[in-house]
Structure formats: C-alpha cells, structure tokens
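Just below is one structure, and these are the notes that go with it.
Labels below follow one simple rule: chain letters A, B, ... track the order of the sequence lines, proteins then strands, and each chain is numbered from 1. Excluded from the calculations below are hydrogen atoms, water molecules and symmetry mates; all remaining heavy atoms, backbone and side chain alike, are included.
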Number of protein chains: 2
Amino acid sequence: MIKTSVPDSHTKEKIFMAASEIFEEKGYTGARMQEIADRAGINKALLHYYFSTKEQLFKAVFQVLLKKMFEKIFSIFSEEISFKEKIRRFLDEHIEFMIKNPKLPIFLLNELSQNPALLQEIREMVNYQELRDMIYTRHAKELKGYGIRKNDMPQLMVTVVSFSIFPFAARDMLTVIMPQMDDAKKFNAFMRERKEFATDFVVTALKHRKK
Amino acid sequence: MIKTSVPDSHTKEKIFMAASEIFEEKGYTGARMQEIADRAGINKALLHYYFSTKEQLFKAVFQVLLKKMFEKIFSIFSEEISFKEKIRRFLDEHIEFMIKNPKLPIFLLNELSQNPALLQEIREMVNYQELRDMIYTRHAKELKGYGIRKNDMPQLMVTVVSFSIFPFAARDMLTVIMPQMDDAKKFNAFMRERKEFATDFVVTALKHRKK
DNA sequence: ATTACTTTTGACCAGTTGGTTAATCAATTT
DNA sequence: AAATTGATTAACCAACTGGTCAAAAGTAAT
C-alpha cells in the first residue's frame, strides 16, 4: 500500500484558511474549533498543536483580514495621482475588492465593536504624518480649489469610504427597500453601477461646493 | 417583617429590557441567558417561564429593535414635504436617533447577515406601492428637475442612509484614520457636523447633476 | 382558613465546547 | 536498525450553557 504522504505539510496553512472562512462567516463566538478542524480535514488536537487557543487563532486570522482591507485602501491613496483621480481609483478598485470579499466588512466591523483592542496592532502600523500627507497635504492646492477646508477632510473621507463599504455591510437590510438586491448578480451589478454614480456624485459635489 | 412586594410585576418588561441591552451588546451567540436573568434581577428559571427559549426571546427583542430603526426612517419619508426637505429632515433626525442608539446598527447588520430570515416579518410589513410613492412617484417632478432618473433612486437612497448609519457601524474602524474619534463627545460632535455636511453634499450634487 | 392559581426559586441535567494527554505514526539522524 | 524528533490521533475532561422540574411563596376568591 502506497502511503499518500503528500508533501502537503502545509497543515498550518490549511488550518488558517479554514479558520478564516469560518470566523468570517460566524464570528468569534459563533465559530467552533471542531468545525474549523473538520474543514481543515484534521483532528481538533492538531488544531491546538498549531494554535494553542481559539483566541490566538482568531487574532492571527483577524489581523490578516484587517490588514487586507486597510492595505487596499492605503495603497490607492498613496499613489502619485490627483485627489479626484484617487477617489475614482478607490471606488473602482475597492468595490471590486469588496465584490470578492463581501462578508469582510460586517465581520470586521462587528468583531471590532465587540473588542476594540483588536485595532491596536494596525494602529501601531499607521504613520499619521504620512497618512495626513497622502490624503491632505499633498493635495492642499487642489482641495482649496474645491473649497474643501482641512476641517472637512474627515467628513469627506468617511463619505468616500462609506460609498463602497456600507452597501456590503447593510446588504440584507437594504433588501427591505430594494427586494431585487436579493440576487447576488443584481447586487454586484448595482455595486458596479455605483462606481460611476459615486464618482460623479462626489466630483459634482466638490466642483460646485459653496465656499 | 414587611415584605417589599412592590407592585413591580412588570417582570416581563424588566426581562425584555435586560435582554435588549445584552443582545445589542454581545449579539445572539455572545449573549448568555444567565447574564440576562442577572441583569433583570431574577432567576434563570423565571426567564424561561416568560420566554421559553433563547431564540424566542431574541426574536422578540430583535423585531422590536429592527422596527424602531425602520419606523424612524419611514416616518420621515412619508411626510408631506419636498424631497430635498425629506433628506434634510432625515439626516437631522436620524443622526440624533443614532446618537441615542449607537450600538444599534452593527447589531442589526450583523445578526441580519447571520440570519437573513429575521427580515421576513418586516418585509411583510412594507407596502412597496406606498414606499415607491413616498420616495419616488410623489417627487417625480422635483427629481426630474435634478436629472435623477428612476434608475438612480436606489443609489441615491442608499447614499443618504449610509451618511448617517455607516459612521456608527464603522466607528471603531474609523479611529484608525481619525484617532480623535475615540472620544464619544468628539464623535457625536462629528456626527452633528455631518448633518450639514451631508445635506450640502447631497443637495449640491443634485443641483448640478450632469443630465 | 382553605382552595386554586400564578409567580418565583434552588437544584439539577444533558449536551456542548475549548482544551489536554498519552500513545501512535512518520521522517530524519546516528 | 535504533534512536530522536516532530506530526497526528482517539479518548477524555472540566467548565459552561440552555433548559427542566418539583417545590415554595405570593395572591385572590370562596
């Protein structure tokens, strides 16, 4: 009898993937170590061999998923393009990213509200000087032209980000006023339409801002 | 010894309140029947005397909280005022409502994504004919003036709603790019500023819409 | 005071859950 | 081939969790 003995000693990775899926789907409290082990195709004891506790496994998964989200945002805003172009690029790429990870926002938002300390690691990662430069200083002239004061930037940034994230987080709720969104394809089409809608919306609002 | 025997046989209400708080805070899977009983100041057996199962208690609480949210939205959009005025009123009143119930959105969104069937009851409550009238038909002329086609309405409605809901749902996450929002007072001030910002933003975008 | 009914309680239970342990298996080294 | 080391497993455990039950306490009517 030939032993399979595949060189798939990537057991740890299999566990990590299984855990990512299940945590993302059911949250920390809803996830079961047994189910994670099952999906990874291993024994529960082996799970604890690689990740000693549920909390440790969760934190590892959470940090990776959280970074995935922020890296996508930061990478676009750090490019050397105009502010308006950043918004356009962001809405395009981030919505595509969300279509591929539709469950990510509710998961992150919920776990974060349950345990805000989870942000710590990412907070330490962020260089505020650089961040302020990326989203404000570097575009001071352009923004002044729109009548946007430094004071308004937080409002504007939250608005832009919410254009892409909110509909995914609130998807089920939105079906109350938009029943057709029940269908995944229609919802994705709606979100792709939203790229243009949001860009126009923001650009128009900026251009004609009362000063 | 005088028995207290207060006429506070509103035990069921006390349970309901305690359950609302704890479910809202920890979600369905995170909540513990024992903790709910403790907060209501009663025995766990008595809890099951009034609400036979955790699921039943949860559904009762959830439906009430969900309705609270939708009623607030619907009531404003059913008033006899212009569309622009509806948006203004909505942003004002809904943001004040959210300041009083900041944990509501993440809770509703998360539980809904975990169990979409929870929407059923509210779906049956909604009259789509009336809803379409409220947010579109009744304002057909006004909307045409802005160059808003019937097709754009879903995008616009989602945008308006997200202005007030998203920051509350994403509050912890937002502190990564806005550390000062850690403070509740500053956050509320930010949201009150947002009323005007959002109204201007939407109105300006509408007024100068490319047609 | 006795009866009848509802409310409240302490003790208990079966199933679940995260986590442990001692043993087995596989690979590498000596 | 014996020994050493790491990977994997089955069986087990203590704590927790939702839920039950029979008895006690309180209330109202006869």
Its contact letters, B for base, S for sugar-phosphate only and - for none at protein heavy atoms under 4.0 Å, make nucleotides 9-16 of chain C read BB------
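- Rounded to whole Å, atom P of C:dT20 lies 10 Å from atom CE of A:Met33.
- Taking the ring axis of A:Phe51 as reference, the NZ or CZ atom of A:Lys59 does not stay both within 45° of it and closer than 6.0 Å to the ring centre.
- You'll find the side chain of A:Pro105 reaches within 4.5 Å of the side chain of A:Met98, heavy atoms only.
- Here D:dA11 presents its C1' atom at 13 Å from CD of A:Gln34, a figure rounded to the nearest Å.
- Between the P atom of D:dA7 and the CZ atom of A:Phe51 lies a distance of 13 Å, rounded to the nearest Å.
- Counting to the nearest Å, the C1' atom of D:dA22 and the NE2 atom of B:His48 are 17 Å from each other.
- Of the charged side-chain nitrogens involved, none lies within less than 4.0 Å of a carboxylate oxygen, so that A:Glu71 and A:Lys67 do not count as a salt-bridged pair.
- Across all strands shown, B:Ala31 has heavy atoms under 4.0 Å from sugar-phosphate atoms exclusively, and none from any base.
- Side-chain contact check for B:Phe83 versus B:Arg138: every heavy-atom pair is 4.5 Å or farther apart.
- For B:Lys54, counting side-chain heavy atoms from C-beta on, the closest listed nucleotide (D:dG18, C:dG19, C:dT8) is D:dG18.
- Using a 3.5 Å distance cut-off with no hydrogens or angles, the side chains of B:Thr159 and A:Arg194 do pair a donor with an acceptor.
- A salt bridge links B:Asp152 with B:Arg149; the closest basic N to acidic carboxylate O contact falls under 4.0 Å.
- Atom P of nucleotide C:dT7 and atom CD of B:Glu13 are separated by 14 Å, given to the nearest angstrom.
- A heavy-atom distance below 4.5 Å is not found between the side chains of A:Phe168 and A:Asn101.
- For the OP1/OP2 pair of D:dG18 and a distance below 4.0 Å, the side-chain nitrogens and oxygens of B:Thr53 include no atom meeting the criterion.
- Taking a 4.0 Å limit (strictly below) on heavy-atom distances, residues 15-26 of chain A does not reach DNA chain D anywhere.
- Computed from coordinates, the A:Ile36 CD1 to C:dG19 P distance equals 11 Å when rounded to whole Å.
- By the 30° and 60° cut-offs, the orientation of the rings of B:Phe23 relative to B:Phe58 is perpendicular.
- In this structure, B:Phe90 and B:His94 have parallel ring planes: the angle between them is below the 30° cut-off, well short of the 60° mark.
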